[in-house]
Amino acid sequence: MSALAPSPLAIVDAEPLPRQEEVLTDAALAFVAELHRLFTPRRDELLARRAERRAEIARTSTLDFLPETAAVREDDSWKVAPAPAALNDRRVEITGPTDRKMTINALNSGAKVWLADFEDASAPTWENVVLGQLNLTDAYERRIDFTDERTGKSYALKGADELATVVMRPRGWHLDERHLQVDGKPVPGALVDFGLYFFHNAKRLIELGKGPYFYLPKTESYLEARLWNDIFVFAQDYVGIPQGTVRATVLIETITAAYQMEEILYELRDHASGLNAGRWDYLFSIVKNFRDGGSKFVLPDRNLVTMTAPFMRAYTELLVRTCHKRGAHAIGGMAAFIPSRKDAEVNKVAFEKVKNDKDREASDGFDGSWVAHPDLVPIAMKSFDAVLGDKPNQKDRLREDVSVAPGDLIAIDSLDAKPTYDGLVNAVQVGIRYIEAWLRGLGAVAIFNLMEDAATAEISRSQIWQWINAGVVFETGETATADLARKVAAEELAAIREEIGDEAFTSGKWQQAHDLLLQVSLDADYADFLTLPAYEQLR
């Protein structure tokens with residue numbers, strides 16, 4: 001074999017990291033560069049298509065199943081590839097970033113799957129991007145055990161047969177990685193995350209009896225799924241593993257993807273293993289796409305939009321029916337509660353809500369669901385054990401009773417709840433507190449006993465934007481205005497300063513977070529993603 005030509009990839013504006021040479025090898029960077037050369041032009045075209053579709057929604061205030069793909073939906077003969085053994089039982093999945101401590105805790109949690117997250121639960125600092133990859137490889141090689149210098153607590157992996165199966169989530173298509181460039185153009189973060197992980201671990205995972213498994217975030221169309229499928233085909237040939245070794249679970253967390261579930265599974269059918277109901281980003285996507293559609297599209301406070309809302313029921317039941325019709329796993333939404341060691345009453349109420357949520361998902365036909373904390377794994381496990389018993393999944397429940405019309409998915413006004421002043425305050429509080437942590441490099445943040453990630457911050461700022469632009473009148477008689485949002489934000493900033501003290505306040509990024517929240521909540525030109533302007537400030 002001839003020597004590899006030097007990779008055209010340049011590492012830009014990045015401080016050297018310990019052991020980065022184990023991740024950023026010449027061979028791995030050459031692979032990422034090839035992914036960039038072959039697939040970034042199509043990524044760029046698909047991002048332009050997103051903008052065109054959003055403009056069409058602004059004109060029509062509606063969505064429908066696609067007439068041009070009716071033949072795919074009407075053909076009952078196709079199915080996705082059978083699940084590999086390591087992904088056949090997915091009854092509880094835990095999510096979280098790939099720092100060293102979380103890697104050990106998630107693998108040891110008792111969950112069947114760990115969603116190892118480079119996306120919404122991880123702020124994309126260069127350190128998180130590179131060392132997160134290193135932590136996963138160290139875990140597979142069982143050299144990740146460590147003792148926390150601050151607390152003296154030791155962390156060690158359990159036996160191999162007790163560990164969760166890793167399903168890795170790369171960044172969404174919209175985010176670039178500014179530290180890796182070709183001819184001055186940044187490489188898409190999705191290709192960096194996927195490429196480094198796949199190149200270093202695909203063969204290693206096969207030897208461990210598993211494989212390179214992925215969650216695909218923020219997908220908006222079947223054409224984006226087709227792009228991922230082509231990437232998988234190329235990547236498997238490149239490293240010399242059998243086609244179909246890669247498996248992907250697609251998050252149905254955009255309103256446009258909800259109308260293309262079957263087509264998305266069809267495009268990925270040799271590599272698909274399921275769909276997931278990503279509820280928080282889904283609500284964000286509804287607000288984003290229908291933000292100027294008038295009062296009938298105004299969402300109430302996010303905490304008032306439960307999974308029993310008619311339009312959310314339509315979404316989740318259609319997902320279960322679609323998956324099982326095509327032989328794929330249907331994975332339910334997030335239980336974001338963080339148990340409190342100080343308040344047993346808070347725990348009691350929250351555990352009951354988690355139980356009810358997971359009981360409903362299991363009885364609806366889901367094959368598994370998500371939790372954000374190891375203490376929730378037994379609760380979710382009990383809900384699914386009660387329905388599944390010894391069966392690995394319930395894909396035999398076809399849910400042929402489910403019938404969803406196009407309008408059902410966007411019947412926002414079927415919900416009685418209305419936006420409240422407290423909802424505005426909560427949106428500002430969560431937005432500032434989350435963005436401040438994100439700017440310090442933290443993507444998963446406990447706020448008011450909930451594990452928040454970028455999706456919940458997106459809902460917060462989108463709801464502020466929508467309520468102001470729709471002229472919502474709260475129950476207090478006050479109208480949602482930019483001035484009212486500024487007033488609430490100023491009060492919250494002062495309250496945080498009082499809560500944490502001057503020293504902690506000035507050493508944090510609180511003013512910066514306050515300003516950024518107001519920017520993305522009040523600008524007439526709505527930013528597609530909060531993380532785009534935030535990434536410019538992430539150092």
Side-chain angles (χ1 to χ4, degrees), residues 15 96-97 99 101-102 120-128 131 148-151 280 301-303 336-343 346 372-373 420-465 467-468 478 480-523 527 529-539:
E15 291 291 325
D99 60 88
K101 178 178 163 185
M102 180 67 193
D120 271 3
S122 181
T125 62
W126 184 236
E127 184 176 17
N128 288 343
L131 299 189
D148 189 319
E149 291 178 3
R150 188 176 59 83
T151 64
W280 295 133
D301 309 2
R302 102 171 139 120
N303 295 330
F337 175 69
I338 302 297
S340 168
R341 292 189 177 145
K342 299 172 184 171
D343 196 330
V346 166
H373 193 280
T420 69
Y421 180 79
D422 284 348
L424 174 67
V425 172
N426 183 257
V428 169
Q429 289 176 323
V430 170
I432 291 176
R433 289 166 189 257
Y434 181 80
I435 293 170
E436 194 277 337
W438 196 92
L439 292 171
R440 288 186 289 109
L442 299 174
V445 187
I447 303 173
F448 307 145
N449 291 322
L450 292 176
M451 184 61 81
E452 306 286 16
D453 68 7
T456 48
E458 291 282 26
I459 296 172
S460 295
R461 65 95 180 191
S462 298
Q463 292 204 294
I464 297 167
W465 195 100
W467 294 349
I468 290 170
E478 292 178 277
T481 63
D483 283 344
L484 182 61
R486 290 189 193 99
K487 171 178 166 285
V488 171
E491 290 170 352
E492 173 60 9
L493 203 59
I496 290 168
R497 187 169 206 139
E498 180 75 21
E499 178 187 323
I500 66 176
D502 284 348
E503 187 179 342
F505 184 88
T506 52
S507 65
K509 296 185 179 289
W510 295 103
Q511 186 67 50
Q512 195 178 343
H514 164 279
D515 295 349
L516 183 54
L517 176 69
L518 289 181
Q519 175 192 327
V520 294
S521 301
L522 304 183
D523 273 8
F529 293 94
L530 154 70
T531 45
L532 291 172
Y535 187 53
E536 298 304 313
Q537 300 182 30
L538 187 69
R539 291 287 179 262

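Because the structure is predicted, anything quoted here is derived from the model rather than measured.
In this structure, CH2 on Trp467 lies 13.5 Å from OG1 on Thr481, to the nearest 0.5 angstrom. Remark: Asp99 CG to Asn128 CG distance equals 8.0 Å, nearest 0.5 Å. From Ser460, atom OG reaches atom CD1 of Ile435 across 8.5 Å, with rounding to the nearest 0.5 Å. Atoms CZ and OG, on Arg486 and Ser521 in that order, are 11.0 Å from each other to the nearest 0.5 Å. The distance from the CD1 atom of Ile464 to the CD1 atom of Ile468 is 7.0 Å, given to the nearest 0.5 Å. Distance check, rounded to the nearest 0.5 Å: CG of Leu538 to CZ of Arg440 gives 11.5 Å.
Tyr535 places none of its side-chain heavy atoms less than 4.5 Å from the side chain of Thr125. Side-chain atoms of Val488 and Tyr421, non-hydrogen and from C-beta on, do get closer than 4.5 Å to each other. Proximity of Val425 to Glu492: side-chain heavy atoms (C-beta onward) are nowhere separated by under 4.5 Å. Residues His514 and Val428 are not in side-chain contact: their nearest non-hydrogen atoms beyond the backbone lie 4.5 Å or more apart.
Checked by atom type, the side-chain pair Asp515/Gln511 shows a donor-acceptor distance below 3.5 Å. Under the 3.5 Å distance criterion, with hydrogens and angles disregarded, no donor-acceptor pair is assigned to the side chains of Asn449 and Ser340. In this structure, a donor-acceptor pair under 3.5 Å is absent between the side chains of Gln512 and Glu436.
Between Ala485 and Leu522 the shortest heavy-atom distance is CB-CD2, 4.1 Å. Nearest heavy-atom pair across Leu516 and Pro533 is CD1-CB, 4.1 Å. Here the closest heavy-atom approach between residue Val445 and residue Ala437 is recorded as CG2-CB, 3.5 Å. Minimum interatomic distance between Pro97 and Ala444 (heavy atoms only, all atoms of both residues): CD-CB, 4.0 Å. Counting all heavy atoms, side chain and backbone alike, Ala504 lies closest to Ser507 at O-OG, 3.1 Å. Of all heavy-atom pairs spanning Ala446 and Ile338, the tightest one is CB-CG1, 4.4 Å.
Using modelled atom types, one side-chain atom of Glu458 and one backbone atom of Leu530 make a donor-acceptor pair closer than 3.5 Å. Looking at Asp120, its side chain never comes within 3.5 Å of a backbone N or O of Ala454 through a donor-acceptor pair. Asp301 places a side-chain N or O within donor-acceptor distance of the main-chain N or O of Thr420, the cut-off being under 3.5 Å. Checked by atom type and distance alone, the side chain of Tyr434 pairs as donor or acceptor with a backbone atom of Gly443 at under 3.5 Å. With hydrogens and angles ignored, the 3.5 Å screen pairs a side-chain donor or acceptor of Trp465 with a backbone N or O of Asp523.
Under a cut-off of 6.0 angstrom, the local environment of CD in Glu503 is sparse, with at most 12 non-hydrogen atoms contributed by other residues, nucleotides or ligands. The 12-atom threshold is not exceeded at CD of Glu127, counting heavy atoms of other residues, nucleotides or ligands nearer than 6.0 Å.
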Could you walk me through whether Phe529 and Val520 pass the side-chain contact (heavy atoms from CB on, under 4.5 Å) test, one step at a time? CA-CA 9 Å; Phe529 293 94; Val520 294; over 6 Å; no

Assess whether side-chain contact (heavy atoms from CB on, under 4.5 Å) is satisfied between Trp438 and Lys509, documenting all intermediate values. CA-CA 9 Å; Trp438 196 92; Lys509 296 185 179 289; over 6 Å; no

Applying side-chain contact (heavy atoms from CB on, under 4.5 Å) to Val430 and Asn426, what does each step give before you reach the verdict? CA-CA 6 Å; Val430 170; Asn426 183 257; 3.9 Å; yes

For Met451 and His373: C-alpha separation, side-chain torsions, deciding distance, then whether side-chain contact (heavy atoms from CB on, under 4.5 Å) applies. CA-CA 8 Å; Met451 184 61 81; His373 193 280; 5.8 Å; no

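A cation-pi arrangement is not found for Arg497 relative to Trp510, the charged atom failing to lie both closer than 6.0 Å to the ring centre and inside a 45° cone about the ring normal.
With respect to Arg433 and Glu452, no salt bridge is recorded, no charged nitrogen being found less than 4.0 Å from a carboxylate O.
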